[in-house]
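First up is the structure itself, then whatever we jot down about it.
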Amino acid sequence: MPSERIESLLRRLELHKVELEAQNRELRSIQSELEASRNRYSDLYDFAPVGYFTLDQKGLIVEANLKGAVQLGVERDQLLKTPFSLYLSKEARLPFMTYFRQVFKDGSRQSCELRFQKGNASTFDAQMESILIEDPFYGRVCRMTLSDITDRKRAEEALRDSEEKYRLLFESNPHPMWVFDLETLAFLAVNEAAIHHYGYSREEFLSMTLKETCPREEISVLCREFSQAQ
């Protein structure tokens with residue numbers, strides 16, 4: 001081969017080598033960016049304040065974050081490929097299956113509140129938010145978030161108990177009692193003692209105002225005392 005041809009081939013090889021090295025640097029840069037992005041996603045996923053779960057069409061757990069494993073009281077590796085319904089209380093399993101089928105039927109975001117059974121036999125109330133997505137590996141799956149609402153449920157129950165105690169005290173008080181609107185003076189509630197004292201039925205009472213049962217002076221005193229209390 002002529003020397004000129006050899007030199008031309010060598011120049012081409014050198015140029016190709018430079019191009020390959022540039023491409024290699026670019027690929028390494030892209031790979032580093034992908035790894036950084038994956039690490040950020042992993043941190044956000046695993047250390048999120050709510051549980052994340054992915055369920056396949058059979059209701060098996062195929063993905064779960066660390067928070068979700070802590071919520072259910074089971075090691076994450078032991079959660080995978082197990083039925084999600086195993087971690088629900090017995091009375092919540094049938095409502096969950098109805099809810100789960102609805103997610104796959106409608107494809108829209110679904111919400112539900114159910115009671116769960118932890119690995120140590122304790123229970124907690126949780127709110128689930130689920131949506132159907134197409135996963136490139138698992139196909140159609142249910143992506144779900146799980147938020148512990150036990151404290152909220154307890155607060156609601158305590159409020160209901162308090163309201164019930166107030167209602168019983170109000171109804172059983174031997175003295176006439178009522179609740180009225182400060183602006184319209186319309187009766188909102190009356191107890192049995194007021195009904196017996198004034199001789200009106202409950203329905204009649206609730207269609208009347210304070211003006212029809214109390215002297216004007218007494219109404220002025222009541223309104224003034226309420227305003228001062230405020």
Side-chain angles (χ1 to χ4, degrees), residues 27 29-167:
L27 286 173
S29 176
I30 293 172
Q31 184 179 9
S32 297
E33 290 177 4
L34 287 173
E35 288 177 355
S37 177
R38 184 172 63 247
N39 290 337
R40 285 195 297 270
Y41 168 78
S42 179
D43 289 342
L44 289 171
Y45 182 77
D46 276 333
F47 300 108
V50 297
Y52 284 123
F53 296 91
T54 302
L55 311 183
D56 66 12
Q57 297 185 55
K58 296 179 181 179
L60 301 179
I61 301 172
V62 294
E63 290 178 351
N65 70 343
L66 293 175
K67 180 64 176 182
V70 171
Q71 286 175 324
L72 300 184
V74 181
E75 292 292 331
R76 179 160 57 173
D77 291 343
Q78 297 176 7
L79 282 176
L80 302 182
K81 299 300 181 182
T82 62
F84 186 77
S85 58
L86 285 178
Y87 308 101
L88 288 152
S89 62
K90 290 182 179 179
E91 64 274 12
R93 291 176 184 175
L94 183 58
F96 168 74
M97 293 309 299
T98 302
Y99 165 80
F100 183 69
R101 284 193 291 266
Q102 195 68 28
V103 173
F104 277 88
K105 180 181 177 182
D106 289 353
S108 58
R109 187 179 298 274
Q110 303 287 329
S111 179
C112 184
E113 293 181 5
L114 293 173
R115 178 158 293 182
F116 284 76
Q117 185 87 36
K118 295 187 72 169
N120 59 6
S122 63
T123 61
F124 69 98
D125 294 302
Q127 178 172 329
M128 296 183 294
E129 298 282 344
S130 304
I131 194 168
L132 182 68
I133 68 161
E134 191 72 30
D135 186 90
F137 185 75
Y138 298 109
R140 297 177 68 199
V141 295
C142 170
R143 285 277 171 84
M144 177 191 300
T145 63
L146 197 66
S147 304
D148 192 328
I149 58 171
T150 303
D151 291 340
R152 194 195 80 192
K153 284 287 188 180
R154 287 173 179 168
E156 290 174 352
E157 187 175 347
L159 179 60
R160 285 194 298 269
D161 290 344
S162 177
E163 289 174 344
E164 180 63 18
K165 289 176 183 177
Y166 166 77
R167 189 188 67 79

Contacts of Glu164 that satisfy salt bridge (Lys or Arg N to Asp or Glu O under 4.0 Å) - sequence neighbours left out: Arg167
By side-chain contact (heavy atoms from CB on, under 4.5 Å) - contacts of Glu163 (at least two apart): Leu159
With Thr54 via side-chain hydrogen bond (donor to acceptor under 3.5 Å, both in side chains) - residues at least two apart: Glu63, Arg143
For Glu113, all residues meeting salt bridge (Lys or Arg N to Asp or Glu O under 4.0 Å), sequence neighbours excluded: Arg152, Lys153
side-chain hydrogen bond (donor to acceptor under 3.5 Å, both in side chains) partners of Thr98, counting only residues at least two apart: none
All pairs passing salt bridge (Lys or Arg N to Asp or Glu O under 4.0 Å) where residues 67-78 contributes a residue, at least two apart: Asp46-Arg76
Residues in side-chain hydrogen bond (donor to acceptor under 3.5 Å, both in side chains) contact with Asp56, at least two apart in sequence or another chain: none
Pairs flagged by side-chain hydrogen bond (donor to acceptor under 3.5 Å, both in side chains) wherever residues 81-97 is involved - sequence neighbours left out: Thr82-Tyr87, Ser89-Glu91
With sequence neighbours excluded, residues passing side-chain hydrogen bond (donor to acceptor under 3.5 Å, both in side chains) with Ser108: Gln110
Residue pairs passing the ring-ring contact (aromatic ring centres under 6.0 Å, His included) test where at least one lies in residues 122-162, sequence neighbours excluded: Phe116-Phe124
With sequence neighbours excluded, residues passing salt bridge (Lys or Arg N to Asp or Glu O under 4.0 Å) with Asp148: none
Set of residues satisfying ring-ring contact (aromatic ring centres under 6.0 Å, His included) with respect to Phe100, sequence neighbours excluded: Phe96, Phe104
Minimum heavy-atom distance Ala126-Leu146, with the two atoms named: CB-CD1, 3.8 Å
